[in-house]
There are 2 protein chains.
Amino acid sequence: MVTIYDIAKRSGYSITTVSKVLNNYKNVSEKAIKAVQEAIDELGYTPNSSARTLATNKSWMIGVVFAEHLGVGIAHPFFSEVIEGFKKHVELYNYDLLFVSRHMGLQEETYKHLKHRGVDGVVVVQSFGEDLIGGENSPIPAVYIDMPLKQPGSVYSDNRHGSSLAVNYLTELGHERIAHIMGDQTNFAGEERAIGFLKAMEKKGLVVPEHYLVNGGFFSYEGGREAMIRLLALSERPTAVVVAGDIMALGAIKVIKEAGLRVPEDISIVGFDDIALAKHVDPPLTTIRQDKDLIGRQAAIILLNKINGDQDSSSRVVPVQLIKRGSCQLIRG
Amino acid sequence: MVTIYDIAKRSGYSITTVSKVLNNYKNVSEKAIKAVQEAIDELGYTPNSSARTLATNKSWMIGVVFAEHLGVGIAHPFFSEVIEGFKKHVELYNYDLLFVSRHMGLQEETYKHLKHRGVDGVVVVQSFGEDLIGGENSPIPAVYIDMPLKQPGSVYSDNRHGSSLAVNYLTELGHERIAHIMGDQTNFAGEERAIGFLKAMEKKGLVVPEHYLVNGGFFSYEGGREAMIRLLALSERPTAVVVAGDIMALGAIKVIKEAGLRVPEDISIVGFDDIALAKHVDPPLTTIRQDKDLIGRQAAIILLNKINGDQDSSSRVVPVQLIKRGSCQLIRG
DNA sequence: ATTATAAAGGAAAGCGCTTTCGATAGGAGT
DNA sequence: ACTCCTATCGAAAGCGCTTTCCTTTATAAT
C-alpha cells in the first residue's frame, strides 16, 4: 500500500506538507503542491479512509437502518425510493451509505453497531419500532422516516390530508358509502390515514358504519385481500373504499374481480403511496401520491443540518397529491 | 469516547490483555476475562472499527456499485431483490454493505473510492459497463451480477434457457407466429435472451421474420410500448410475443389493450424476471422467473470465497423457471 | 542595518487498536 | 535443588493519517 510516507519521500517534502496539500491548506507553496501532486500521480496513491477517520473522528458515512414489515428489505417499493432520494442528496456532499446488518430488531445492538462503525449520522427508515437511536442517550445525529419524534428530526407525508383528498374526491363522484381499509393502527402512517379518513367523512356529514373500518394489517397484498373479503361480505356494501396502501389496494381489487364485480364500475378504489407500478395495473390505480424523492431529500437535508450543527433540523411533513387514474368513477344511479 | 485504555485502567489489566479478551485469544485467564467484561459493561465500551481496520487491514465492509439503465437506483425492481439476497447472506458473516456514491460512471474514480474505503470486496450490480474493478489491475475481490467476465466470478441467470422455456411453452399452446421484444443488444441479458429465443425457434422449425425481432431498449415500460406498437403495425401480427423483461411486457400489454385487443385472447405474452408485481397485474403475467434471492446468495458465496482466498470462486449460472399465469392461452382456431 | 511580520515547512504527538515478542511465575519432571 | 515447560501478561511498535506548534527563511517596514 502506498502511503503518505511514500509520497513524502518521492516528492522531497515531509508528510506534514503532503497532508496539507491533500487537505487544501493554504500555507503550502505552489511548488510543493505540484511536487506532491506529481508524486501522487506517479505512485497512484489513494488516501486511507480508516486512518483519516481515526484521526479526524469523521467517517463520511451515514448509517441506514431499515425495518419494514413486508420483509423484503431494500426491495420495499416505497422505502427503497425514499432511500434513493436520500442517497442522491447526501452523495452531493460526499457521504457514503452504510447498510448495517440487522440485529434482529435489537435496537440496542443496532445502536452499538452504528457507534462501532462511527457513522456521522443515521437515517432510520421504518414502519415500526422505538425511537432509541434518536434518543437523548444517543449522541449520534439521526433522522426518522415515517415516524414522529418528540425531538425534531423526522419526515413523513401529510397522511391525514392524503386521506381527506381521497374522500373528498370520492364524494365529488357521488359516493357516500365509503369504507376504509386501514393500515395497522400501531403504525404511524396507518393511524394517521385512518384519522384523516374519519375526519374528512365527518366533515362531509357522512357516517361510517363500524364495519366499514377494517384493518388490513401491515400493508401487504394478502392483508388487502382479507380486508376486502370482509367488506364484500357485508349486507350493505360500500360503493367506494379508500385503502391505506397501494399494495393492499391491489389485493383488494383482486378480490373484487374474483367476486365477479368490477373496478371502478361497481366499486371505486383509491390507494395510497403511488408506487411505481400503480399506473401500470388494470385499472390504473387512482391513489394518493407520496413524494418519495422529496421525503428522502428532506431527510437528507435535516440530517446534514444536524451533523453540521446547523440550526434548522425541524421535522417536515411533505405534501401529498391525488393522482386520478382509472380506479374510480361516478357512482351510478 | 471510551477506549481500550479506559477498560484497561478500570479492569487493572493492560490494553494488550483487554484486546486479547476482545478477540478471544486463548491465553488469558478466566479471571482476566471476567474483569475485562465487567469493565466493558460498566463503562459501555464499543470498539472503534476504524482503528481496528487500520490495524488489521480488514474492514468488514463490502462495497456495492450499482449501475442500471432505468435510473431508479436502489429502487430497481430486479436488482434491489438481488442485493437484498446478497445482503442477507453476507450479514451472516458480519459484513456491512457500503453503497458508495456514484462517480458518474467513471469507473476509475469508483475504483479509487472503493480502495479509499478499504472495502474487503465489492459486488458490482450492473446492466452495463466495463469490467474494471474486477480486472487484474485490481487487487480487490469482486463479483459481478448479470455480466460475464473473463475471469471467474460472476453470476447470472440462464437467460438462453429462459427464452427457450418461453418459446416451448408458446408452441405447446399452438403458437407459431412468435415475436420477440428484445432487450438492448449491448446488454448481456438482452443479448442472451435473444439468442436463446432464436435458437429455440430454430429448433422448433419456426421461422422468425425480420420484423418479429424488435429492440425494446433498456427494459423500460416505454421501450416495451414502442416495441409493441411496431409489432401491431405489422400486416401479419404475431399471435404471441416473448418479452425480454417484465416491465417492458407491461408496456406491451398496455399498448395491446389500447389497440382494442386482449391479452391473452388475441395475443399471448410471456415476460422475463418475475418482478414482485407480475402476479398482481391484469392479466397476471406469465413469465420466466429469475431467482433473485439465489443470485444474490450465490454472488455472496463467491465473493466470500474470494475474500477468504478459498478455492472455488467460479462463475455460476442460476436456473430460471417458467411461471404460468394468465397472459398466455391456446391459440384459437 | 535592524526589527517586525508573514510564509513555508517539519517534528512529534496522538487517534484506538492489534500483534509480536519478551518477561515472569508457577508447576512438572528428574 | 535444579532445569524446563507452560500459562499469563504487558511493553512497545506500528497501522496511515491530522494537527499543533515550533523553526526557518524571505520580505516588508523603520
Side-chain angles (χ1 to χ4, degrees), chain A residues 1-37 39-40 43-61 94 112-120 139-140, chain B residues 1-37 39-40 43-61 94 112-120 139-140:
Chain A
M1 166 165 251
V2 26
T3 76
I4 210 180
Y5 283 89
D6 301 313
I7 304 301
K9 193 171 303 170
R10 174 73 156 236
S11 66
Y13 284 89
S14 72
I15 63 160
T16 304
T17 300
V18 173
S19 177
K20 282 177 180 167
V21 345
L22 249 22
N23 293 286
N24 296 314
Y25 275 56
K26 48 279 141 197
N27 56 345
V28 265
S29 63
E30 283 300 328
K31 199 168 132 228
I33 292 177
K34 215 171 126 209
V36 169
Q37 281 297 5
I40 287 177
L43 267 37
Y45 167 77
T46 312
N48 178 313
S49 80
S50 293
R52 233 213 263 281
T53 297
L54 187 57
T56 60
N57 202 30
K58 167 98 186 170
S59 69
W60 295 100
M61 292 192 304
N94 299 312
K112 270 181 121 163
H113 192 75
L114 259 359
K115 211 173 129 207
H116 164 70
R117 282 300 192 182
V119 295
D120 295 332
I140 137 168
Chain B
M1 166 164 250
V2 24
T3 76
I4 210 181
Y5 284 88
D6 301 314
I7 304 301
K9 193 172 303 171
R10 175 73 155 235
S11 66
Y13 284 89
S14 72
I15 62 161
T16 303
T17 300
V18 173
S19 177
K20 282 177 180 167
V21 346
L22 249 22
N23 293 286
N24 296 313
Y25 276 57
K26 49 278 144 201
N27 56 344
V28 265
S29 64
E30 282 301 327
K31 199 166 133 229
I33 292 178
K34 218 171 125 207
V36 168
Q37 281 297 3
I40 287 177
L43 267 35
Y45 166 78
T46 313
N48 178 314
S49 79
S50 294
R52 233 212 264 277
T53 297
L54 187 57
T56 59
N57 202 29
K58 168 96 186 171
S59 68
W60 294 100
M61 291 192 305
N94 298 314
K112 271 181 118 162
H113 192 76
L114 258 359
K115 210 173 130 210
H116 164 70
R117 282 301 192 183
V119 295
D120 295 332
I140 137 167

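Throughout, protein chains are lettered first and strands after them, A, B, ... in sequence-line order, and every chain is numbered starting at 1.
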Practice task
Please check if atom CG in A/Asn57 has more than 12 non-hydrogen atoms from other residues, nucleotides or ligands closer than 6.0 Å.
Solution key: no
Handout entry: Spacing between B/Asn27 atom CG and C/dG22 atom C1', to the nearest angstrom
Key = 13 Å
Exercise for the section: Indicate whether OP1 or OP2 belonging to C/dG9 is found under 4.0 Å from a side-chain N or O atom of A/Ser14. Expected result: no
Problem - Enclosure of B/Lys58 NZ (heavy-atom neighbours >12, cutoff 6.0 Å) - result: yes
Handout entry: Nearest-0.5 Å distance, CG of residue B/Asp6 to CD1 of residue B/Ile40
Key = 11.5 Å
Practice task
Let me know, please, whether B/Lys20 or A/Lys20 comes out on the 5' side of the other along DNA chain D by nearest nucleotide.
Solution key: B/Lys20
Between the protein and nucleotides 12-16 of chain D, which nitrogen or oxygen pairs are less than 3.5 angstrom apart?
from: D/dA12; atom 1: N6; to: B/Thr16; atom 2: OG1; distance (Å): 3.4
from: D/dG16; atom 1: N2; to: A/Ala51; atom 2: O; distance (Å): 3.4

Exercise for the section: Check for a donor-acceptor pair, side chain of A/Ser59 on one end and backbone N or O of A/Gly118 on the other, with a separation under 3.5 Å. Expected result: yes
Practice task
State whether the side chain of A/Ser50 and the backbone N or O of B/Leu54 hold a donor-acceptor pair below 3.5 Å, judged by distance alone.
Solution key: no
Problem - No-H, no-angle donor-acceptor pair, A/Lys31 side chain to C/dG9 base, under 3.5 Å - result: no
Practice task
In whole angstrom, give the distance that lies between atom CD1 of A/Ile33 and atom C1' of C/dA7.
Solution key: 13 Å
Exercise for the section: Would you indicate what B/Asn57 reaches in the nucleic acid, counting non-hydrogen atoms under 4.0 angstrom: base, sugar-phosphate, or nothing? Expected result: nothing
Exercise for the section: In whole angstrom, give the distance that lies between atom CD1 of A/Ile7 and atom C1' of C/dG10. Expected result: 17 Å
Handout entry: Under 4.0 angstrom between A/Ser29 side-chain N/O and C/dG9 OP1 or OP2
Key = yes
Practice task
Report yes if a side-chain nitrogen or oxygen of A/Tyr25 is closer than 4.0 Å to either non-bridging phosphate oxygen (OP1 or OP2) of D/dT19; otherwise report no.
Solution key: yes
Exercise for the section: Rounded off to whole Å, could you give me the CG-to-C1' distance for the B/Asn24 and C/dT19 pair? Expected result: 16 Å
Exercise for the section: Report yes if a side-chain nitrogen or oxygen of A/Thr17 is closer than 4.0 Å to either non-bridging phosphate oxygen (OP1 or OP2) of C/dG10; otherwise report no. Expected result: yes
Practice task
Spell out, as yes or no, whether a donor-acceptor pair under 3.5 Å connects the side chain of A/Ser49 to the backbone of B/His116.
Solution key: yes
Exercise for the section: Take the protein atom NZ of B/Lys115 and the nucleotide atom P of D/dC17, then report the distance between them rounded to whole Å. Expected result: 11 Å
Problem - B/Asn23 vs C/dT18: side-chain N/O to OP1/OP2 distance below 4.0 Å - result: yes
Problem - Heavy-atom pair of closest approach, residues B/Ser11 and B/Val18 - result: OG-CG2, 4.3 Å
